[in-house]
Every structure is written in structure tokens, then in C-alpha cells.
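Structure first, commentary second.
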Amino acid sequence: MPSLSSRMGRQVPELPEVESSRRYLEEPLVGRSVTGVAVGRARMIRHQAIPVDFTSRLLGRKLMAVDRKGKYLLLRFDADMTLVMHLGMSGRLQLALPGEECAPHSNVVIGFDDEIELRLVDPRTFGFAVAVTPEELAVHSVARLGPDALNALPRTSAFRTALRERTAPIKSLLLDQRIIAGLGNIYADEVLFRARVHGSRPGGSLNGEEVRRVRAAIGPVLKAGLRAGGTSLDDLAYLLPDGRAGEYLQRLRVYGRSGLPCRSCGTPIERMVLGQRSHFFCRTCQPPFRPR
DNA sequence: CCTCCATCCTGTGGGC
DNA sequence: TGCCCACAGGATGGAG
């Protein structure tokens, strides 16, 4: 079992990290125009139907707004051009001066006004960037996202409808971005712990009260993560790898804590695999079977 | 449509 | 000390 510190050595970007990135980019970049584009690894724009379009579509475009939906960033440019970015497993965004040395794996670099650069750093290249027209955006996976977990959380009744009849584990359904957009493996486990629901429970087996608890846990868990990101956002150290690991370590209740005592009841946290992903839980606080 | 599973990729650390 | 290998995970796409 890898140690907690190794597991958390590089934070996987989830909704709070993406929202922090959105805020980080907004003020310095909105109103500026693209003066240069460099793609260091073609794989990063693999979703671009015509690769050469990535550069030509962005050059000269003025940034109007920086939006987010789920874990996707949407940079809205004039002429109806949208730059869709996803940080994948290991991506992060940096702002830098043009002369500054690039961090390793700075795979996509976009220059604004010849004064500031947006760099997408992503060693594992699970992330991507793509420049799309409104027509292309409408059929992009971002268009199939469910409501945003932070800004548009569905009511309990709608959430319960979405889970009705579903036999897949609730943990897997929380990770399904078409139902709710923004939860990843870490926060899904934290949400389930807070809701006192075991991740292996079939989605349709949750009663109304349990669905209500799961829904109610999403906001506080994400906002706690956002506060952690927001706090250290002031510190440029945030931009370096591992800069925030410590902050998260203290916050997590179950993720990565197998063998350690539950912060609520002391029972050792356990790990199992659900949908090919780790699920961490407390079997006392989150009974695997619904109590009668 | 739903569920399950393989695939992409590379830094990291555990084991030998 | 150094090498090897398993592991981590978000999204996608195919099979059943």
C-alpha cells in the first residue's frame, strides 16, 4: 500500500482545483488577445478535428470570459471561438512572463499581448486543449455534462430520479459526469463518507433520506476544497508541484487513509475497488448494506 | 440506454 | 545503490 504522502504527492485536479485555476486566469487574461500559440506535444490537442486549426483559430482572438463547467475550463474568445481545456490527471495551468523558463512538460503555451503566457503543464497528457466553434462545442463531450456540482446542484427530487433503477454503485454514479459534473475520485469518497453512505450501494437502493444526505454533502465538501485552493492561491507556491499537498492531507476524512482510524469513530478506514477505482470508507459510519 | 472493462500516460515508491 | 514494475486516475469507446 503506497503511503498517503506518495498518493497525494501530486494533486489530481478536481472541481475545486479547476475553479481555482479559473479565478487565477480571469483577471490577468480577460481583455487580452492571443499573439502566439505553441504546441509542444500534439497529443494535447488530439481532440482537435483539424490540428492546424488550433493555432489559426486562436491567433488574434480576444479573450472575453473564463467559464467553467464541471472539470472543464471554457475560455470564451471573440468571433465565437471557445478554447476548451481539461487538466486530466496531472495538468496544471501557469501564468508566466514570455522570457521565463518553462517548467518541464509545458505542452501548450498561449501568448497574450506578447506580455503574458498561459502554459498548460501536463506530464501525463491526459488533459487536452481544443479550439471549437459553437457547432463543434454543441457536440463536444462538454455539452453532455450534467449540472455543475458547485453552481447548479440539482434538487434532491431530480437527483433521486437520476438514481432510480440504477444498479451501478453510487460511487460510480457520482463519478459519472453526465449526472453531476465535477466530482472526481477523491471528493466522491469524501462526499459518501460525509453522507454516511457506502460507495458499493446500488444507486437505486438509496432511500430518499440517503439521497438527500449525499446531495447535501456535495456542496460543503467542494467548498472546503475550494477554500484550501483559494487560500494558497495567494501564494505562488501553489503553482509548484506538491504546493498544496499538506493542506489537503489534513482535510481528507477517508481518501488515502486505509488503516488509519476514522476521524469520526476510530474504526480503521478500509479500501476496496469499485469500477476499477479505489474506494475508501469506514464500515461503521458507512454500512455496506442498508440497515433494516 | 445501461454496465463493465480496457485504454491512454508517466512520476513515484516499494521491493529486490 | 540502482533497477524494475505496479499503481494512480478522467474520459472514452467497445462489448455484451
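Every chain is numbered from 1 and lettered A, B, ... according to where its sequence line falls, protein lines coming before strand lines. These figures come from a predicted structure and were not determined experimentally.
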Inspect the contact between [Y] and [X] and indicate whether a charged nitrogen and a carboxylate oxygen are less than 4.0 angstrom apart.
X        : Y        : value
A:Asp67  : A:Arg22  : no
A:Arg92  : A:Asp122 : no
A:Arg196 : A:Glu210 : no
A:Glu209 : A:Arg213 : yes
A:Arg23  : A:Glu26  : no

Quick one: [X] [atom1] to [N] [atom2], roughly how many Å, whole number?
X        : N      : atom1 : atom2 : result
A:Leu183 : C:dG9  : CG    : C1'   : 15 Å
A:Leu145 : C:dG10 : CG    : P     : 14 Å
A:Leu174 : C:dA11 : CG    : P     : 14 Å
A:Asp122 : C:dG9  : CG    : P     : 16 Å
A:Met44  : C:dA11 : CE    : P     : 14 Å
A:His86  : C:dA11 : NE2   : C1'   : 7 Å
A:Tyr187 : C:dG9  : OH    : P     : 14 Å
A:Met89  : B:dT10 : CE    : P     : 13 Å

Does any donor-acceptor pair link the side chain of A:Arg124 with the base of B:dG11 at a separation under 3.5 Å?
no
So does A:Gly184 get a backbone contact from the side chain of A:Glu14, meaning a donor-acceptor N/O pair under 3.5 Å?
yes
Kindly say whether A:Arg253 contributes a backbone atom to a donor-acceptor pair with the side chain of A:Arg257 at under 3.5 angstrom?
yes
Would you check, one step at a time, whether the test salt bridge (Lys or Arg N to Asp or Glu O under 4.0 Å) holds for A:Arg61 with A:Asp78?
CA-CA 6 Å; A:Arg61 297 279 70 79; A:Asp78 62 5; 2.6 Å; yes
Is the phosphate of [N] approached by [X] (side-chain N or O, under 4.0 Å from OP1 or OP2)?
X        : N      : value
A:His105 : B:dG11 : yes
A:Thr125 : B:dT10 : no
A:Arg277 : B:dC5  : no

From the list [options], which nucleotide is the closest neighbour of the side chain of [X]?
X        : options               : result
A:Ser141 : C:dA11, B:dT10, C:dA8 : C:dA11
A:Tyr255 : B:dC9, C:dG9, C:dG10  : C:dG9
A:Asn185 : C:dG9, B:dC9, C:dA11  : C:dG9

Please classify the nucleic acid contact of A:Phe128 as base, sugar-phosphate, or nothing, using heavy-atom distances under 4.0 Å.
nothing
Sugar-phosphate, base or nothing in reach of A:Arg41, heavy atoms under 4.0 Å:
sugar-phosphate
Would you say the base of C:dG10 stacks on A:Phe126 (centre-to-centre below 5.5 Å, plane angle below 30°)?
no
Please write out the pairs of protein N or O atoms and N or O atoms of nucleotides 2-4 of chain B separated by less than 3.5 Å, giving the distance to one decimal.
unit_1, atom_1, unit_2, atom_2, d
B:dT3, OP1, A:Arg166, NE, 3.3
B:dT3, OP1, A:Thr167, N, 2.8
B:dT3, OP1, A:Thr167, OG1, 3.3
B:dT3, OP1, A:Ala168, N, 3.2
B:dT3, OP2, A:Arg166, NE, 2.7
B:dT3, OP2, A:Arg166, NH2, 2.4

